Amino acid sequence: MPHIDLDTSSDLNKKTKILCTFGWRMALAGAETRLIMRCCHDMAKAMHVINPEFTLTRSFFLVRCCDGNSHYAERIAKIKSLGINMNSVTRLNFIANDVISGEITDLDLIYHKIRAVRPAHYNKNMLIPIEAVAAAAFAYCNGGTATVCLAALIGGFMLMFFKFWLLKKGFFETFVFMACAFLGCATTYIMCTYVLSASADETRLAIMATTLLLVPGFPYMNGFLDIFKGYLEIGVMRLIYSIILTACAASGLLGALYLMWI
């Protein structure tokens with residue numbers, strides 16, 4: 001029976017746990033795949049982990065490590081969503097740089113620093129009017145009049161209100177995008193037609209500005225970046241996810257337009 005060095009095995013498990021937690025947190029924060037892999041490989045090298053293996057998919061992050069003495073460790077973390085939180089990405093990247101440069105060497109301290117990075121959550125009561133103003137800004141930047149901007153403002157407010165409300169109730173994101181596109185478009189159309197007496201061109205512009213709030217721009221960008229940099233699997237998954245959300249929003253938009261103009 002081979003001799004097992006318990007201290008070495010324990011250190012390897014800690015290093016694997018650190019690397020898995022770090023990659024998992026980076027993925028949840030929306031970091032691109034190349035940044036996650038590069039940071040994990042450099043951290044593993046700084047912690048003297050030999051030939052680490054990292055696997056990132058849409059649903060999990062897997063780490064396999066070896067210390068060169070027949071000791072292996074494996075750890076997996078499930079990824080429920082790939083959002084965007086640049087504050088967390090930046091703070092985690094600083095921790096990785098400290099580990100790589102040798103400023104932090106204590107394994108327990110590294111792990112607790114990573115775990116201490118919490119996503120920055122914004123007050124949804126503030127985000128709703130901010131997004132509504134963004135819809136009005138979209139309309140203005142595309143040549144919209146005050147009438148168009150006002151309709152887009154109200155439609156965007158209703159769209160974001162129902163988006164946060166439905167997500168809080170636990171509905172699937174695909175359904176939320178479809179329902180919010182429908183409600184936002186319907187609200188904007190009603191405002192333009194029955195309240196503001198806007199022309200057909202103004203109505204179309206207001207509806208376009210409202211539904212732009214649902215375009216998943218960040219997943220599209222990260223998906224293309226991953227594909228261009230060689231991470232085809234996760235890149236394609238991100239693009240498919242983005243296309244599905246876009247299709248759901250388009251379905252809700254078309255449904256509202258059909259009912260409004262039937």
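Everything numeric here is computed off the predicted structure, so don't read it as measured data.
Hydrophobic cluster membership for Ile244: Tyr220, Phe224, Ile227, Phe228, Leu232, Val236, Leu239, Ile240, Ile243 (Ile, Leu, Val, Met, Phe, Trp, Tyr linked by side-chain heavy atoms under 4.5 Å, directly or transitively). Clustering of Ile, Leu, Val, Met, Phe, Trp and Tyr side chains at separations under 4.5 Å leaves Tyr140 isolated, with no partner residue. Under a 4.5 Å side-chain heavy-atom criterion applied to ILVMFWY residues, the cluster that includes Phe60 comprises Leu62, Ile76 as well.
Cluster membership check: Leu150 does not share its hydrophobic cluster with Leu213, using side-chain heavy-atom separations under 4.5 Å among Ile, Leu, Val, Met, Phe, Trp and Tyr. The hydrophobic cluster containing Met208 does not contain Val133, counting ILVMFWY residues as joined when their side-chain heavy atoms lie under 4.5 angstrom apart, directly or transitively. No continuous path of hydrophobic side-chain contacts links Leu153 to Val215 [ILVMFWY only; heavy atoms under 4.5 Å]. By the rule that hydrophobic residues join a cluster once side-chain heavy atoms approach within less than 4.5 Å of another member, Ile95 and Leu109 end up as members of one cluster. Residues Ile130 and Met158 do not share a hydrophobic cluster, defined by chaining ILVMFWY side chains whose heavy atoms lie under 4.5 Å apart.
Checked against side-chain hydrogen bond (donor to acceptor under 3.5 Å, both in side chains), Ser251 has no partners two or more places apart in sequence or in another chain. Scored by the salt bridge (Lys or Arg N to Asp or Glu O under 4.0 Å) test, Asp108 finds Lys14 as partners (sequence neighbours excluded). Evaluation of the side-chain hydrogen bond (donor to acceptor under 3.5 Å, both in side chains) rule for Thr16 yields no partner, not counting sequence neighbours. Every residue was checked against the salt bridge (Lys or Arg N to Asp or Glu O under 4.0 Å) condition with Arg91, not counting sequence neighbours, and none meets it. Under the rule for a salt bridge (Lys or Arg N to Asp or Glu O under 4.0 Å), the partners of Glu53 that lie at least two apart in sequence or sit in another chain are Arg64.
Residue Asn97 holds its CG atom at 11.0 Å from CG of Leu92, rounded to the nearest 0.5 Å. To the nearest 0.5 Å, the span separating CE on Met221 from OG on Ser242 amounts to 10.5 Å. A distance of 9.0 Å separates OG1 in Thr187 from CD1 in Ile154, rounded to the nearest 0.5 Å. The CD1 atom of Ile79 lies 6.0 Å from the OG1 atom of Thr57; values are rounded to the nearest 0.5 Å. Here Leu159 contributes atom CG and Phe161 contributes atom CZ; the two are 12.0 Å apart, rounded to the nearest 0.5 Å. The distance from atom OG1 of Thr105 to atom CG of Asp98, rounded to the nearest 0.5 Å, is 11.5 Å.
For the pair Glu202 and Thr145, the tightest heavy-atom approach, listed with the atom from each and the gap, is OE2-OG1, 3.2 Å. Of all non-hydrogen atoms in Ala139 and Leu205, the two that sit nearest each other are O-CD2, 4.1 Å. In plain terms, the two heavy atoms of Ala206 and Thr188 that are nearest each other are CB-CG2, 3.5 Å. Residue Gly223 comes nearest to Arg238 through the heavy atom pair CA-CB, 3.9 Å, listed as atom of the first residue, atom of the second, then distance.
Evaluated for a side chain to side chain contact (heavy atoms under 4.5 Å, CB included) with Ile18, the options Val49, Asn13, Val63, Leu107 yield exactly one hit, Leu107.
By the 4.5 Å heavy-atom criterion applied to side chains, Pro52 and Phe54 are counted as neighbours. Phe61 places none of its side-chain heavy atoms less than 4.5 Å from the side chain of Thr55.
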What donor-acceptor contacts under 3.5 angstrom involve side-chain atoms of residues 163-185, with partners at least two apart or in another chain?
residue, atom, partner, partner atom, Å
Glu173, OE1, Tyr241, OH, 2.5
Glu173, OE2, Tyr241, OH, 3.4

Please list every donor-acceptor pair under 3.5 Å in which a side-chain atom of residues 24-47 meets a protein atom from a residue at least two apart or in another chain.
residue, atom, partner, partner atom, Å
Trp24, NE1, Lys78, O, 2.8
Arg25, NH1, Ile114, O, 3.4
Arg25, NH1, Val117, O, 2.5
Glu32, OE1, Lys229, NZ, 2.7
Glu32, OE2, Lys229, NZ, 3.3
Thr33, OG1, Asp226, OD1, 3.2
Thr33, OG1, Asp226, OD2, 2.9

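A 6.0 Å sphere centred on CG of Asn51 holds no more than 12 heavy atoms belonging to other residues, nucleotides or ligands.
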Open item on the list: I'd like to know whether Ile104 forms a side chain to side chain contact (heavy atoms under 4.5 Å, CB included) with Lys113, so could you lay out the CA-CA distance, the side-chain angles of the two residues, the decisive distance to 0.1 Å, and finally the verdict.
Closed with: CA-CA 10 Å; Ile104 307 175; Lys113 277 183 170 290; 3.5 Å; yes

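Not one N or O on the side chain of Asn222 forms a donor-acceptor pair closer than 3.5 Å with the backbone of Phe218.
Among pairs with a residue in residues 150-160, none fulfils side-chain hydrogen bond (donor to acceptor under 3.5 Å, both in side chains), at least two apart in sequence or across chains. Residue pairs meeting the side-chain hydrogen bond (donor to acceptor under 3.5 Å, both in side chains) criterion with at least one member in residues 147-158: none, sequence neighbours excluded.
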